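Structure first, then comments.
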Amino acid sequence: MKRCFAVMAAALVVCAALPASAQYFTEDFEAGIGLWTPGSNGPLLWQTDVTDPNNKVAVQDNAARSMYRIIAPTIHVGLELRFRFYDPGAATNVRHFARLAAYSDPVNFGGLTELLAIGAYNTSGVQTNMYSGRAAFGKTDTPQGWFTIPKPRSVGWHTMKITVTGGNGTGGAGKGLASYTVDDVTVENIPIVWSPFTMVLLGSNLSSATAGNYQYDDVQLIPEPASILALAAGLAGFAGMVRRRS
């Protein structure tokens, strides 16, 4: 009986500590792109992965395309957007990236308070032979919040992540902190404006001078792994306390 109560208590702790699971999702595009809404210039294409004929992916070529999913307002700490990105070449004049947006009215794209991005971009202030990150409103010391992630661009698949790592005030008044990762390179402690994120966008909705199969796959909006580990440690401690008292 005591073990039963311990399990029930642990389940309550999990439910209280994590946001509703409906706020998170995983998308591998094997069933098409039906859950995504086309951007103003049309959606990304759904086609076969250039490296695997058995796999489907979303693709943005040189056209100004994008697509998005509205999510329930999600807490910052414990949030991670991750995806796989295929870079077909080393052209510098390209604009391909994924975004995490905080709109107070996401249906009408109104009230934008923060826009985070990661991918390949050609704006001034970044090294176009490297990958780039952005915190449009939180990072005020670079043009439009863009900065260089010191990972050289190269042909092939890359794992990209934006992880919210700090709570309100950790990046300054009204700001949190985020880290940006491409494969094995991470830029930490980027200040972001503290606002609930309400949308995930794939594709820049901007045209590029050079065409190519820039592909997106295995998109995940998930709890930050470090937060899950902290929760697990807490539950382990709780279970130990129950055992000692039993």
Side-chain angles (χ1 to χ4, degrees), residues 39-41 44 60-68 76 79-83 85 87-104 106 109-154 158-166 168-183 185-212 214 216:
S40 57
N41 293 309
L44 273 62
Q60 182 186 11
D61 52 21
N62 64 330
R65 295 178 178 271
S66 66
M67 58 189 188
Y68 63 90
H76 284 284
L79 176 66
E80 181 172 280
L81 171 64
R82 66 165 62 195
F83 61 99
F85 177 78
D87 191 337
T92 58
N93 193 11
V94 296
R95 301 185 286 188
H96 298 280
F97 45 82
R99 291 165 284 171
L100 188 60
Y103 286 103
S104 60
F109 292 86
L112 179 64
T113 54
E114 186 57 287
L115 184 66
L116 312 183
I118 187 169
Y121 198 44
N122 65 345
T123 189
S124 61
V126 301
Q127 295 175 248
T128 55
N129 64 329
M130 304 280 185
Y131 293 104
S132 305
R134 186 187 191 191
F137 297 90
K139 187 171 175 57
T140 58
D141 60 342
T142 58
Q144 301 178 331
W146 284 99
F147 59 93
T148 296
I149 299 172
K151 175 70 176 183
R153 289 184 55 204
S154 62
H158 301 275
T159 299
M160 299 193 173
K161 299 184 290 186
I162 299 175
T163 309
V164 179
T165 55
N168 193 359
T170 56
K175 295 182 179 180
L177 293 173
S179 65
Y180 295 69
T181 300
V182 179
D183 298 331
V185 175
T186 299
V187 177
E188 299 180 318
N189 297 326
I190 298 297
I192 62 173
V193 170
W194 188 259
S195 301
F197 290 110
T198 54
M199 185 181 292
V200 173
L201 303 97
L202 297 182
S204 64
N205 206 40
L206 299 169
S207 61
S208 294
T210 305
Y214 290 84
Y216 301 82

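Only a predicted model underlies this, so the values are computations on that prediction, with no experimental measurement involved.
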For a quick test of reading the model, state the closest non-hydrogen atom pair linking [X] to [Y] and the distance between them.
| X | Y | value |
| --- | --- | --- |
| N93 | S208 | O-CB, 3.9 Å |
| I192 | A178 | CG2-CB, 3.9 Å |
| L201 | A101 | CD1-CB, 3.8 Å |
| T198 | P106 | OG1-CB, 3.8 Å |
| F97 | A120 | CD2-O, 3.8 Å |
| P191 | A135 | O-CB, 3.6 Å |

Quick check: do [X] and [Y] have side-chain heavy atoms less than 4.5 Å from each other?
| X | Y | answer |
| --- | --- | --- |
| K175 | W194 | no |
| M160 | I149 | no |
| T181 | T163 | no |
| E188 | T165 | no |
| E114 | F197 | yes |
| R153 | N129 | no |
| D87 | Y131 | yes |
| T113 | S104 | no |

Go through the steps for Y121 and L206 under the test side-chain contact (heavy atoms from CB on, under 4.5 Å), then give the verdict. CA-CA 10 Å; Y121 198 44; L206 299 169; 4.1 Å; yes

Can you check side-chain contact (heavy atoms from CB on, under 4.5 Å) on I162 and Y180, steps first, answer last? CA-CA 5 Å; I162 299 175; Y180 295 69; 3.8 Å; yes

From OG (S132) to CZ (R95), nearest 0.5 Å: 12.5 Å

Working to the nearest 0.5 angstrom, can you tell me the gap between S204 OG and Y214 OH? 11.0 Å

Begin from the C-alpha positions of T123 and R134 and carry the test side-chain contact (heavy atoms from CB on, under 4.5 Å) through to its verdict. CA-CA 11 Å; T123 189; R134 186 187 191 191; over 6 Å; no

Please determine whether side-chain contact (heavy atoms from CB on, under 4.5 Å) holds for the pair L100 and L79, giving the CA-CA distance in whole Å, both sets of side-chain angles, and the decisive distance to 0.1 Å. CA-CA 11 Å; L100 188 60; L79 176 66; 3.9 Å; yes

Could you tell me how the ring of F83 sits relative to the ring of Y216: parallel (under 30°), tilted (30 to 60°) or perpendicular (over 60°)? tilted

Side-chain donor or acceptor of [X] paired with backbone N/O of [Y] under 3.5 Å:
| X | Y | answer |
| --- | --- | --- |
| R99 | G203 | yes |
| T92 | T128 | no |
| S195 | A102 | no |
| D183 | T159 | yes |
| Q60 | R65 | yes |

Would the Y103 and Y68 ring centres measure less than 6.0 Å apart? no

